[in-house]
Amino acid sequence: MDSFMKRAVELAAENVKNGGQPFGAVLVKDSRIISEGVNELHKKHDISAHAEMLAIRRAQEKLATNNLAGYTMYASGEPCPMCFAAMYFAGITDAFYCVPVEEAADAGLATSGLIYKDLKKSKEERTLSMIHMPLDQDQENPLILWKKRTKEKS
């Protein structure tokens with residue numbers, strides 16, 4: 001097993017010993033660990049405090065950038081949809097994982113698999129109801145403001 005993956009699994013095992021969930025993540029660039037994370041939901045009471053999310057946040061804060069293109073994520077478990085999306089938005093193009101979603105479900109950690117299944121459904125069929133509410137006519141449109149601002153900068 002790759003040394004970075006070994007580290008992610010070590011972090012996950014240590015997190016379980018400390019009362020957390022079995023997930024650890026290591027973010028790497030140029031064969032160097034840039035940041036690490038473990039699930040800290042139990043400590044932070046923050047549903048987004050997943051190992052991959054924390055590794056991304058720590059790297060972006062440390063490097064003062066949102067762009068993590070060229071970085072690689074090593075995760076002890078298959079990333080959930082939230083973590084997948086965060087890696088995508090950050091520009092991470094490679095992610096390796098050990099435990100697939102199906103095995104996590106067998107251990108009682110089924111949320112990721114359920115969300116992946118829900119995302120395959122039409123908006124109307126999903127568990128979480130998403131209802132479009134158009135802007136009021138008298139409201140300033142934030143997207144128009146954004147377009148004006150970005151046009152002025154170019």
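Hydrogens, waters and symmetry mates play no part in the numbers below; they use all other heavy atoms, side chains included.
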Verify, without hydrogens or angle tests, whether E152 (side chain) and R149 (backbone) share a donor-acceptor contact under 3.5 angstrom.
no
Between the side chains of S76 and R7, is a donor N or O closer than 3.5 angstrom to an acceptor N or O?
no
Say you draw a straight line from CE of M53 to CG of L41; how long is it, rounded to the nearest 0.5 Å?
10.5 Å
Let me confirm one number: the NZ-CH2 distance from K151 to W146, rounded to the nearest 0.5 Å.
15.0 Å
Answer yes or no: does atom CD of Q139 have more than 12 heavy-atom neighbours from other residues, nucleotides or ligands under 6.0 Å?
yes
May I ask you to check whether N67 and T65 show a side-chain donor-acceptor distance below 3.5 Å?
no
Is it the case that over 12 heavy atoms from other parts of the model lie below 6.0 angstrom from the NZ atom of K121?
yes
Take atom CG of L119 as the centre, draw a 6.0 Å sphere, and report whether it contains more than 12 heavy atoms from other residues, nucleotides or ligands.
yes
Got a list of side-chain donor-acceptor pairs under 3.5 Å for residues 8-17, not counting sequence neighbours?
unit_1: N15; atom_1: ND2; unit_2: Q21; atom_2: O; d: 2.8
unit_1: N15; atom_1: ND2; unit_2: N39; atom_2: O; d: 2.9

Please set out all donor-acceptor pairs under 3.5 angstrom arising from side-chain atoms of residues 86-104, sequence neighbours excluded.
none

Taking V26's backbone N and O only, do any of them form a donor-acceptor pair with E36's side chain (distance below 3.5 Å, no angle check)?
no
Rounded distance [0.5 Å steps], CG in L63 versus CG in L27
8.5 Å
